[in-house]
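Naming: A, B, ... by sequence-line order, numbering from 1 per chain.
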Number of protein chains: 2
Amino acid sequence: MDRLTMRRLATEVGSTPMALYHHVRDKEELLVLLLDDYAARTLRRPELPAHPRERIIVAATAIHEALAACPWIVEVLTADDLLSTSALWFVEQIVDGLVECGLSLDRAVHGYRAIWYYTAGEIVVRTTAARRRADDDRATYREHVFADLDPSELPRLAQAADRWAPLTAEDTYRDGLRALVDGLLVSR
Amino acid sequence: MDRLTMRRLATEVGSTPMALYHHVRDKEELLVLLLDDYAARTLRRPELPAHPRERIIVAATAIHEALAACPWIVEVLTADDLLSTSALWFVEQIVDGLVECGLSLDRAVHGYRAIWYYTAGEIVVRTTAARRRADDDRATYREHVFADLDPSELPRLAQAADRWAPLTAEDTYRDGLRALVDGLLVSR
DNA sequence: CTAACTTTTCTTACATGTATAAAAACTCTC
DNA sequence: GAGAGTTTTTATACATGTAAGAAAAGTTAG
């Protein structure tokens, strides 16, 4: 986000900063367009399994992988649910998979939203955590927190204290996604 | 985030901008501290139900409500998993609930992370969507997308097109949370 | 009380996003 | 092809976060 400046872009394109603003409302819109372009060029449709539940997993994972590979995405990612027209096909697969598993269309849309919340949240949280770690002053904050834990008040956290860092370093997106999808498909 | 400027804060406190930087690494850290203070003052511990599964729901919902009531939170929310020491009690409740439901401690921590991803994602996505709607130029983008949908290629989305806006306006945090927790508790 | 040292504050400076309004380039009709 | 109208670009300006280093205030040892 910060690496790209309107001034630098303008001079590299042989123009002036304010000229860019005729084509783009603000810097964020430019980045959304970049993300859109990125998605259009890199999102390849995977082969989908026959079972609808697995189809949901594969489609969501594909989106997640594409986004996670792109660290500048976070600031843009706070966009809405439909990141770009190129991603619509994946959304379709997810909604359709949910419907095929027996959900009503309305519930399927809600289900897709939940999956999107989870996916976007995972990337945002994980990416910013990684950035903080690079700073490494702030990384020690967590150690502080866990060191001063009162085991009588917060026994589970105290118990997990030394394992917290490695545990949260693990990539558990798929597991959480599976759990969420399973839960969504349990008829309630 | 933008409403608070270091310069204005400094003059209101009767100081200079750079003096603030001795106490705070940067603006973001100041906001994290503000969030921390906000959490400490407003997060009241609710009465917890006996059943561990419901306890998870109640604790997560409490965090979610406190955060969702605080719109400037989004930029800060991309913090790590432990928002503040005042929230630790809630984290404890969630992890403990998961353990009581039969998960190992490791899986419980992962489960908490999944819940946090979902919660943070929900707030970030929903809040930014609301901000965009205020702009309302960008709100029409979605209508465009749905208007030009090819029903033969994306049948479900075409089918849901006119209901998409109201559907995504509904607050389904609780439903998604329940689904996620259910899924996490299904022994795999 | 003084002198060294540490913590805190101030001054100045720069790069950034972008508002505003004028200028230039382009397009299209007659 | 001339002139009106539209689109695109430029010049200028301002508020912002914050780096760098000087200055001041506070603290402590002798």
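Of the residues I56(A), I57(A), T172(A), the one that meets the side chain to side chain contact (heavy atoms under 4.5 Å, CB included) test with R178(A) is I57(A).
Between the C1' atom of dT16(C) and the CZ atom of R7(A) lies a distance of 6 Å, rounded to the nearest Å. Whole-Å rounding puts the H23(B) NE2 to dC10(C) P distance at 10 Å. L30(A) has its CG atom 10 Å from the P atom of dT18(C), to the nearest Å. Atom pair H22(A):NE2 and dA19(C):P shows a separation of 14 Å (rounding to whole Å applied). Between the NZ atom of K27(A) and the C1' atom of dA15(C) there is a distance of 11 Å, given to the nearest Å. Between the OH atom of Y21(B) and the P atom of dT16(D) there is a distance of 12 Å, given to the nearest Å. Atom-to-atom, CG of L20(B) to C1' of dT8(C) comes out at 12 Å; the value is rounded to the nearest Å.
With dT18(C), dC10(C), dG17(D) as the choices, the nucleotide that has an atom nearest any side-chain atom of P17(A) turns out to be dT18(C). Relative to the side chain of M6(A), the nucleotides dT11(C), dG17(C), dA11(D) differ in distance, and dG17(C) lies closest. The listed nucleotides are dT18(C), dG17(D), dC10(C); the one nearest the side chain of D26(A) is dT18(C). Residue T16(A) has its side chain nearest to dT9(D) when only dT9(D), dT20(C), dT9(C) are considered.
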R126(A) and Y173(A): CA distance, side-chain angles, deciding distance, side-chain hydrogen bond (donor to acceptor under 3.5 Å, both in side chains) verdict: CA-CA 10 Å; R126(A) 185 169 291 279; Y173(A) 172 76; over 6 Å; no
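For the pair L184(B) and L180(B), the minimum side-chain heavy-atom distance is below 4.5 Å.
Where M18(A) and R8(A) each meet DNA chain C at their nearest nucleotide, the meeting point lying more 5' is that of R8(A).
Side-chain nitrogen and oxygen atoms of S15(A) include at least one within less than 4.0 Å of the OP1 or OP2 phosphate oxygen of dT10(D).
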